[in-house]
Participant: 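What follows is a single structure, and I will ask about it in a moment.
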Amino acid sequence: MKLSEYFVPTLKEVPADAVVPSHKLMLRAGLIRQVSAGVFSWLPLGFRVLNKVINILREEMNAIGGQEFLLPALNPIEIWEQTGRVEAMGDVMFHLKNREGIVLAPTHEEIITYHAKQHIQSYKDLPQIWYQIQTKFRNEPRPKSGVLRCRQFIMKDSYSLDTTWEGLDQSYNKHLEAYKKIFSRCNLNFFIVGASSGAMGGSQSQEFMIESDAGEDVCAIAPSGYAANLEVATSKLPPVGRKDYCPPIEKFPTPNAKTIDDLIQQFRFDENNLAKSVVYIIESEPVLILMRGNDELNESKLQIAFGTNKLRPATSDELLQITGANAGSIGPVGLKTKIKIVADNLLMNANCLVSGANEDGYHFKNIDLVRDTKIDAYFDLRTVREGEPCPLAGTPIKIVKAIELGHIFKLGTKYSEALQATFLDQDGVQKPIIMGSYGIGVERIIACYIEQNHDEHGIIWEYPLSPFDIHIISINIKSNKVVEKAEELYSKLLSLGYEVLYDDRDETAGVKFNDADLIGIPLQIIISEKNIQKNVLEVKRRRTQQRELVSEIELLDFLQQNVLK
RNA sequence: CGGGGCGUAGCGCAGGUGGCUAGCGCGUCUGUUUUGGGAGCAGAAGGUCGCAGGUUCAAGUCCUGCCGCCCCGACCA
């Protein structure tokens, strides 16, 4: 492609609205342009990269037996009502105004299950892996960071259909391995974490992450190899446990102690024996949650424990009404109304605890959770903190921000049951199809790659994502010798099957060098009078900025060794 | 949805206590000189100052409403 004829609007100045490096560089290098919040156009150069990614996705999905579909973005709302997800999605789902009963699909479990119901009859029709590379629509409340969080984006989504849970395990593992290959082929430095299935339902899920300050997820990772989304991460802290002797429970005044730290300072209690209580309204029922004093409640874990995402902290009015006290004096003993009480695992059957007395300005000490109150259930509810011992080997946990590239779920039968997608097994028994769902954010692959591969000059592509293999730069197009040599080389490399970007523009050397570094194709070949006189070609490696001189005969060997697609 | 910021030429910005013809840099166009790291000179084009109302002799500037964009938070199958 000749750059003089190619629409690649590079920007010298950094666009004011861009904050994260990948967003800045994708705009500056002419890969994308924004149309509105969370909506982008892909320009020709960017679309080439997108297609390189899509090719890899297709190859690896086909390699595990995936069959490619193209499903509609316009979906009948009835099918979403049957799975209860119109309500679950809420505002995230786009509804059309001038056509009742149609929504824009934010994902495709429903449509896949619909087709499975239509045509899967027997165990002989299974297993299946169905996938597509298609545009998703989600009404994100706050799109951000370029293509990292959009209202319209491309997803590679696939769905496995199996007759048994062992079959689901196999399909899941096939995807796990395929995803590793995909991200490795894209030269991404990624890691895999255990994750929450959220309201998707299902038993197991893992996320593919890259570490990045631009990320919206937080993960706990440890030298042992332990890696988990903070939503589900655990650690191996010792429980508070029981002391041999616990005196009778005793109320005492604490007029100036509003926080856990106040109590420690004023009364010299052991931090571990302080218990704090928070009240949540879960499915409109109040629940008191007891935690170690300085632990942070993890709402995701609470959602998992109660199997719902319909929960919120109680308001201060509700607190007073339910417990009889205001925040800071609430506890598990002496509640004004009888409500469900759950506690964090670290407090399992503990005694000698200090907690609020449900009377402003008073606390209880010597609380024995077995003797003095009834805990309805214990769950892991706390948020893991930096430095805590990991559950695998006790190595210290590090907390990092990360971007989610992909997510694989064992869905189970949630959708097949809701939509009656069943099959007859060998014994003639009708059973729901066992499903998995697996997604990759296609644009995120590109943004994440750029987050990990750029410098002050621009993007640094590697094969196979690079939009072109080779970037030819002619210096001073007033020189016939230079133009002749560059044109000749351009034709020759094209005929050898290389994808070549040829900067034939009437621009100064500086402009061409800077644009080439910004666009970031791995190899640049620089044609100038100087080099022609010496009868050499100058090749520059984008990543290292190293230049080497090679003869024309050596060039083909050089390219064979260095253009590794 | 809460908090903050912004909206003036293609891009980046100034002007903002009301006042005269709305500026600067980059880019663009013409001519010319230049050609190894975002060239020099000369000339030129390009604006409903986000939109709508209002106050005023006079509004980019003040007031009201709306729209849009960015950031922090909430939310995120």
Side-chain angles (χ1 to χ4, degrees), chain A residues 9-20 23-24 27-28 30 33-40 80 83-93 103 105-110 136-146 148-151 153 155 157 159 195-202 205 207 214-218 229 231 299-300 303 309-313 404 407-409 411 414-415 437-439 441 456-458 473-479 481-483 503 505-518 524 526-533 538 540 545 547:
Chain A
T10 56
L11 302 174
K12 192 151 83 173
E13 290 180 279
V14 181
D17 286 343
V19 175
V20 301
H23 186 197
K24 289 179 187 169
L27 290 168
R28 287 192 56 211
R33 283 296 179 268
Q34 183 166 346
V35 174
S36 72
V39 180
F40 286 84
W80 287 83
T83 58
R85 287 220 291 179
V86 175
E87 199 193 348
M89 287 282 173
D91 265 350
V92 170
M93 189 147 73
V103 294
T107 173
H108 280 81
E109 281 79 10
E110 276 76 0
K136 299 284 180 272
F137 296 87
R138 295 181 189 184
N139 187 19
E140 292 290 347
R142 184 151 99 83
K144 57 179 288 203
S145 307
L148 283 175
R149 179 163 290 277
C150 285
R151 295 206 169 115
F153 61 96
M155 181 184 275
D157 46 323
Y159 306 88
S196 163
S197 309
M200 287 287 284
S205 100
E207 290 168 327
E216 299 174 288
D217 284 275
V218 185
N229 195 304
E231 292 172 349
E299 279 198 13
S300 313
Q303 288 183 12
N309 60 357
K310 285 186 196 115
L311 48 81
R312 60 171 175 83
E404 178 187 344
H407 200 162
I408 56 179
F409 289 93
L411 285 181
K414 173 175 172 175
Y415 297 91
S437 118
Y438 317 87
E456 69 273 25
H457 304 294
I473 298 168
S474 61
I475 291 181
N476 187 7
I477 69 160
K478 299 290 191 301
S479 158
K481 280 186 206 163
V482 167
V483 172
D503 191 349
R505 296 174 301 169
D506 185 9
E507 292 287 354
T508 59
V511 171
K512 292 188 172 191
F513 288 145
N514 281 307
D515 270 347
D517 285 351
L518 176 60
Q524 301 169 10
I526 299 155
I527 312 290
S528 68
E529 289 216 342
K530 191 169 85 181
N531 292 333
I532 291 170
Q533 273 166 18
E538 179 182 340
K540 189 181 112 174
Q545 300 287 75
R547 297 151 189 279

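In what follows, every chain begins at residue 1, and chains take the letters A, B, ... in the order their sequences are listed.
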Participant: Is it the case that the side chain of S474(A) and the backbone of I477(A) share a donor-acceptor pair, with hydrogens and angles ignored and the cut-off at 3.5 Å?
Facilitator: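 Side chain of S474(A) to backbone of I477(A): no pair is present.
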Participant: Both distances below 3.5 Å, Watson-Crick or wobble geometry, any strand: find the nucleotide opposite rG73(B).
Facilitator: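 Paired with rG73(B), as far as the under-3.5 Å criterion goes, is rC1(B).
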Participant: Could you tell me whether the side chain of E529(A) has a donor or acceptor atom within less than 3.5 Å of a complementary atom in the base of rG36(B)?
Facilitator: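 A donor-acceptor contact between them is absent.
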Participant: Remember a base hit wins even if backbone is also touched, and classify P141(A) as base, sugar-phosphate or nothing at under 4.0 Å, heavy atoms.
Facilitator: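 Since a base atom lies under 4.0 Å of P141(A), the category is base.
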Participant: More 5' along RNA chain B: V19(A) or Q545(A), using each one's nearest nucleotide?
Facilitator: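 By nearest-heavy-atom nucleotide position, the 5'-most residue is Q545(A).
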Participant: So, applying side chain to side chain donor-acceptor pair (under 3.5 Å) with D517(A), which one of K512(A), K540(A), H457(A) is it?
Facilitator: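 When K512(A), K540(A), H457(A) are each tested with D517(A), the side chain to side chain donor-acceptor pair (under 3.5 Å) holds only for K540(A).
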Participant: Answer with base, sugar-phosphate or nothing: what part of the nucleic acid does K512(A) contact at a heavy-atom distance below 4.0 Å?
Facilitator: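 No contact.
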Participant: Using purine N1 to pyrimidine N3 plus N6-O4 or O6-N4 for Watson-Crick, or N1-O2 and O6-N3 for G-U wobble, both under 3.5 Å, which nucleotide pairs with rG7(B)?
Facilitator: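 The base-pairing partner of rG7(B), which may sit in any strand shown, is rC67(B).
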Participant: Tell me what S145(A) touches on the nucleic acid: a base, only sugar-phosphate, or nothing, going by heavy atoms under 4.0 Å.
Facilitator: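 The residue S145(A) makes sugar-phosphate contact but no base contact.
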Participant: If rA22(B) has a Watson-Crick or G-U wobble mate with both distances under 3.5 Å, name it; if not, just say none.
Facilitator: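 Partner of rA22(B): none.
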Participant: Scan nucleotides 39-47 of chain B against the protein and return all N/O pairs shorter than 3.5 Å with their distances rounded to 0.1 Å.
Facilitator:
residue, atom, partner, partner atom, Å
rA39(B), OP2, T508(A), OG1, 3.2

Participant: Is R85(A) salt-bridged to E109(A), cutoff N-O under 4.0 Å?
Facilitator: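 Yes, charged N to carboxylate O under 4.0 Å.
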Participant: What's S36(A) touching, base or sugar-phosphate or nothing? Going by heavy atoms closer than 4.0 Å.
Facilitator: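 Here S36(A) touches the backbone only, sparing every base.
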Participant: What's N139(A) touching, base or sugar-phosphate or nothing? Going by heavy atoms closer than 4.0 Å.
Facilitator: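 It contacts nothing in the nucleic acid.
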Participant: Partner lookup for rU30(B), please. Criteria are Watson-Crick or G-U wobble with both distances under 3.5 angstrom; report none if nothing qualifies.
Facilitator: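 In the structure as shown, rU30(B) has rA42(B) as its Watson-Crick or wobble partner.
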Participant: Between G38(A) and M155(A), which residue's closest nucleotide on RNA chain B lies nearer the 5′ terminus?
Facilitator: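 Its nearest nucleotide lies further toward 5', so the answer is G38(A).
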Participant: Starting at the 5' end of nucleotides 25-32 of chain B, put B wherever the base has a protein heavy atom under 4.0 Å, S where only the sugar-phosphate does, and a dash everywhere else.
Facilitator: BS------
Participant: Could you check which of rC69(B), rG36(B), rG38(B) has an atom nearest any side-chain atom of N514(A)?
Facilitator: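 Closest of the options to the side chain of N514(A): rG38(B).
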Participant: Over all strands shown, is D515(A) touching base, sugar-phosphate only, or nothing at heavy-atom distances under 4.0 angstrom?
Facilitator: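 Base contact.
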Participant: Which atoms of nucleotides 13-15 of chain B (N or O only) lie under 3.5 Å from a protein N or O atom, and what are those distances?
Facilitator:
none

Participant: Look at all strands and tell whether K540(A) reaches a base, only sugar-phosphate, or nothing, counting heavy atoms closer than 4.0 Å.
Facilitator: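 Counting heavy atoms under 4.0 Å across all strands, the contact made by K540(A) includes a base.
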Participant: Can you tell me the base-pairing partner of rU55(B)? Count Watson-Crick or G-U wobble geometry only, both distances below 3.5 Å, and say none if there is no partner.
Facilitator: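 With both distances under 3.5 Å required, rU55(B) matches none.
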Participant: Is R142(A) near enough to rC1(B) that one of its side-chain N or O atoms lies under 4.0 angstrom from OP1 or OP2?
Facilitator: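 Indeed not, no polar side-chain atom of R142(A) lies that close.
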Participant: By the 4.0 Å heavy-atom rule, please label R33(A) as base, sugar-phosphate, or nothing.
Facilitator: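 No contact.
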Participant: Could you check which nucleotide pairs with rU61(B) in any of the strands shown, counting Watson-Crick or G-U wobble with both distances under 3.5 Å?
Facilitator: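 When the pairing criteria are applied, nothing turns out to pair with rU61(B), so the answer is none.
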